[in-house]
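I have placed the structure first, in the form of structure tokens, so that the comments after it can refer back to it.
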Amino acid sequence: MDTSYPNTQLYINGKWKDADAGETIDVINPAFENVIGEMAHARKADLDEALDAADKAFIKWKNVNPFERYKILRKAANILRDRSKEIARIMTIEHGKPFGESLAEVNLSADITDWLGEEARRSYGRLIPSRSSEIYQMVVKEPVGPVAGFSPWNFPINQAVRKIGGAVAAGCSIIIKGPEETPASCAELVRAYADAGVPDGVINLVFGIPSEISEYLIPHPVIRKISFTGSTAVGKLLASMAGLHMKLVTMELGGHAPAIIFDDANVDNAVQMIANNKFRNAGQVCVSPTRFLVHESLYDKFVDGFVKISESQVVGDGLNPDTTMGPLAHDRRLDAMEMFVSDAIDKGAKVKTGGKRKGNKGYFFEPTVLTDVPSDAKMMNEEPFGPLAPIVPFKNFDDVVEEANRLPYGLAAFAFTNSAKTAEKISSSIESGIVSINQPWMPVVEVPFGGVKDSGYGKELGSEGLEAYMQSKFITQKSSIWLFFIFNWITKRLNQFIWYTNFML
Ligand code: NAD
């Protein structure tokens, strides 16, 4: 497969351009650790240009009717589909994930674009009966204004599209800080929207030092809404900054999903589904199953099955068609995996398979299964965001619920059971934004996605994915005395007519 890789420019006010000061940041291929290209590095002058463009574009874009916006989004979705193989190739080179996963991500992003465009046509307001026949009361939905979006590297397109698509569909403009680890595929998403006819200034794409950009954009008076996906620690920092400046916020933060296997579950099915799900994107997924809580009666069988699936993973370059798990996306994750494993071993955990870096070139880490992991081990408390599977036995329902809800996270949870009663009970007991029973859930466009507790607030996807970029305005109007008489006269005539026709029939 072609291994060429494009450099990435900033996209501001409808133009692809180098940074004002000419600075760049290197991009590294995580499978080979070599520099493959560069991206433009935005500083304040570039951000000012983007702010000015977003401000001016918003005034026009908010008045473009939803049907026109929908048509542009539909076109963008089709462009993404047409270019999906080339975009997926670029994504795999800069991120490392297997080509098939990249391709699925581009196609899902096209579906998200379609969905948000369609939702724009359904951004209904409502009429509310008033206490006086002279008064009309209505609620209309309006775009919130220019948005600052911060999108991470684990899904270079799928995370950015929720923010860009939501903002554009709602009638907002957006400045998106793309992922510095994976800039080129994110830029291809923006290119698809631009080529579909999104007007200049509505989408602006920048890269740089994340803290420098957020500290400048969030307090800026032009920006009305912040949307961030990333770690809980950074999310709290940005949310507090946004709160200080009274900005609307969507925070899609970390998770630590419990995966519970009850004693009546089909253990073979459960292990097959959940273990393969664990190694998707090398475990760098906020909804990845993370703490495997298995009823003691099935424990040994589950561990054996999990080890088998882990050892069957083909770890390698994502462009190789046999690869099922690529490298970690950057060297920080490799250091983190080594830290999590050695900390668990120090505290008494046993490594059943994996546990170390694979080779000495590329950020590869072995699919890893651990048992006897105490609850004070770091991996049982902090989001590992990698291919680590600690498996822990439990005795009864109350104990497992207590363990599942022990952490401040609340993004996703999984449970396997053949009992409808247990399924209902666990769904209502778990503190989580998403609960998936008997299946390895993956994001779909029609349903809301987001967490509770420290996993953040606000939703992406579903109808909520558009709502997040709109605000309600209440309008009340007292009709003029003439309008009032005319309205009353029409209503009386209409009533007479209805009475008369009913009578005649
Ligand atoms: P990190 O916390 O440094 O960065 C996470 C993301 O936040 C990156 O995209 C980064 O560009 C951005 N970021 C960091 N500081 C920022 C700031 N001050 N202003 C604006 N954006 C900022 O960690 P990392 O090493 O890149 O990733 C590791 C951790 O991040 C993981 O353990 C995981 O918890 C979390 N993460 C979560 C998601 C998710 O989907 N929720 C995605 C990526 C990373």
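Along the sequence shown, residues carry numbers from 1. Each ligand, and each atom within it, is numbered from 1 in the order the structure gives.
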Closest to atom 18 (N) of ligand 1 (heavy atoms only, candidates Ser211, Pro152, Gly386, Pro384) is Ser211

For atom 30 (O) of ligand 1, which of Ser231, Ser151, Ser288 has the closest heavy atom? Ser231

Does ligand 1 come near enough to Leu238 that some N or O of the ligand is less than 3.5 Å from an N or O of the residue? no

Can you confirm, on distance only, whether ligand 1 has an N/O atom lying under 3.5 Å from any N/O atom belonging to Trp153? yes

Within the structure, does at least one protein heavy atom fall under 4.0 Å of atom 3 (O) of ligand 1? no

Using protein heavy atoms only, decide if any is under 4.0 Å from atom 23 (O) of ligand 1. no

Numbering as shown, the atoms of ligand 1 that approach [X] to under 4.0 Å (heavy-atom distance):
X      : answer
Lys177 : 11 (O)
Thr229 : 39 (C), 40 (O), 41 (N)
Val234 : 2 (O), 13 (N), 14 (C), 15 (N), 16 (C), 17 (C), 22 (C)
Glu252 : 41 (N)
Leu253 : 41 (N)
Gln159 : 40 (O)

Passes side chain to side chain contact (heavy atoms under 4.5 Å, CB included), Lys459 versus Glu467? Steps please. CA-CA 9 Å; Lys459 303 279 180 202; Glu467 285 277 327; over 6 Å; no

Before giving the answer on side-chain hydrogen bond (donor to acceptor under 3.5 Å, both in side chains), spell out for Thr353 and Glu311 the whole-Å C-alpha distance, their side-chain angles and the decisive distance to 0.1 Å. CA-CA 7 Å; Thr353 188; Glu311 289 176 349; 2.8 Å; yes

Check for me whether [X] has a heavy atom closer than 4.0 Å to any atom of ligand 1.
X      : answer
Glu215 : no
His330 : yes
Phe155 : no
Glu382 : no

Check whether any side-chain heavy atom of [X] lies under 4.5 Å from a side-chain heavy atom of [Y], and answer yes or no.
X      : Y      : value
Arg291 : Leu407 : yes
Gln159 : Arg162 : yes
Leu334 : Arg357 : yes
Ile175 : Leu51  : yes
Ile430 : Val401 : no

Using ring-ring contact (aromatic ring centres under 6.0 Å, His included), reason through Trp153 and Phe385 one step at a time and then give a plain yes or no. CA-CA 12 Å; Trp153 45 265; Phe385 224 61; 5.7 Å; yes

Donor-acceptor check, side chain of Thr323 to backbone of Asp317, threshold 3.5 angstrom: yes or no? yes

Can you check whether Asn34's main-chain N or O pairs, donor with acceptor, with Asn29's side chain at less than 3.5 Å? no

Give me the residue, atom name and distance of the protein heavy atom closest to [atom].
atom                    : value
atom 34 (O) of ligand 1 : Glu383 OE1, 2.2 Å
atom 12 (C) of ligand 1 : Phe228 CE1, 3.9 Å
atom 19 (N) of ligand 1 : Ser214 OG, 2.8 Å
atom 25 (O) of ligand 1 : Arg332 NE, 2.9 Å
atom 38 (C) of ligand 1 : Phe385 CZ, 3.5 Å
atom 13 (N) of ligand 1 : Pro210 CB, 3.8 Å
atom 6 (C) of ligand 1  : Gly230 CA, 4.2 Å
atom 28 (C) of ligand 1 : Arg333 NH1, 3.3 Å

Between Lys225 and Lys247, does the side chain to side chain contact (heavy atoms under 4.5 Å, CB included) criterion hold? Intermediate values first, please. CA-CA 5 Å; Lys225 154 108 197 181; Lys247 306 285 168 88; over 6 Å; no

Dump the intermediate steps for side-chain hydrogen bond (donor to acceptor under 3.5 Å, both in side chains) on Asp18 and Gln9, then the final yes or no. CA-CA 5 Å; Asp18 292 335; Gln9 292 179 298; 3.1 Å; yes

Out of Lys15, Lys177, Lys17, which residue meets the salt bridge (Lys or Arg N to Asp or Glu O under 4.0 Å) rule with Asp46? Lys17

Option passing side-chain hydrogen bond (donor to acceptor under 3.5 Å, both in side chains) with Ser185 (candidates Glu86, His95, Arg89, Glu94): Glu94

